[in-house]
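The structure appears below as structure tokens.
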Amino acid sequence: MQIYLDTANINEIREAASWGILSGVTTNPTLVAREKGADFKSVISEIAELVDGPISAEAVSLDGDGMVKEGLEFATWHPNVIVKVPSTTEGLKAVYQLARKGIRTNVTLIFNASQALMAARAGAFIVSPFVGRVDDTGVDGMQLIREISQIYKNDSEIKTKIISASIRHPRHIIDSALAGADIATCPFKVLQMSMRHPLTDRGIEQFLADWKARG
Ligand code: G3P
């Protein structure tokens with residue numbers, strides 16, 4: 001399973017890229033808005049220079065034609081740009097049109113496996129089921145990943161990848177990998193958390209103490 005960063009923050013992307021673990025980046029309008037005053041095109045172009053992999057840029061139109069128009073523009077920014085559209089019937093229209101023009105899409109805000117099946121059938125490159133937001137409703141979000149993974153495996157025509165999104169903690173990363181996700185897109189904080197363990201820290205302290213005390 002690949003690791004993407006779910007952020008529009010250049011410093012976070014630069015840092016995670018230096019760890020050698022980043023295969024792509026996802027953004028959404030909320031994450032871009034958090035980077036006060038930043039121009040969308042400049043942010044996406046800068047990310048594309050730091051990470052050699054798919055970079056999702058989300059359309060904000062609600063109608064399919066509007067999404068296609070935005071997507072065609074995003075695609076001129078960099079060959080690695082993936083057009084993110086919402087999981088609606090208008091979104092499906094955009095996926096279908098963009099796929100016919102050779103432009104890759106990421107269908108986001110997926111909350112049931114049938115949305116994921118429709119997105120794949122329309123020609124989505126990636127789907128983004130929101131595990132954490134499903135968990136927030138009291139339902140097991142990871143079950144969504146298991147179901148989509150099985151449905152895609154059952155249909156040899158489907159090549160669509162599954163991004164486990166709305167990741168909230170390190171356990172979500174582990175469970176996504178076990179459930180069959182192709183990618184987990186993670187906030188920077190969760191990536192940092194996933195590398196921390198008190199026994200690692202204690203082990204380092206002990207090794208250093210023993211090294212200093214050696215005869
Ligand atoms: O980028 C989409 C998704 O990962 C958002 O997560 O934490 O806002 O539910 P969250």
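In each ligand, atom 1 is the first atom listed, and ligand 1 is the first ligand listed.
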Within the 3.5 Å criterion, strictly below it, is a donor on [X] or [Y] matched to an acceptor on the partner's side chain?
X	Y	value
Ser149	Lys153	yes
Thr108	Ser128	no
Asp182	Gln2	no
Arg168	Ser166	yes

Which atoms of ligand 1 sit under 4.0 Å from any heavy atom of [X]?
X	result
Arg168	7 (O), 9 (O), 10 (P)
Arg133	5 (C), 8 (O), 9 (O), 10 (P)
Ala165	4 (O)

Ligand 1 contact by Lys84, heavy-atom criterion under 4.0 angstrom: yes

Test item, Thr26 contacting ligand 1 (heavy atom, 4.0 angstrom): no

Best match, Ala8, Ser166, Gly132: closest heavy atom to atom 10 (P) of ligand 1: Ser166

Geometric class of the His169/His172 ring pair [parallel <30°, tilted 30-60°, perpendicular >60°]: parallel

Atom 2 (C) of ligand 1: nearest protein contact (heavy atom, Å): Phe130 CZ, 3.2 Å

Closest approach of any protein heavy atom to atom 4 (O) of ligand 1, naming residue and atom: Asp6 OD2, 2.6 Å

Sidechain-backbone polar pair: Tyr152 side chain, Ala116 backbone, donor-acceptor under 3.5 Å: yes

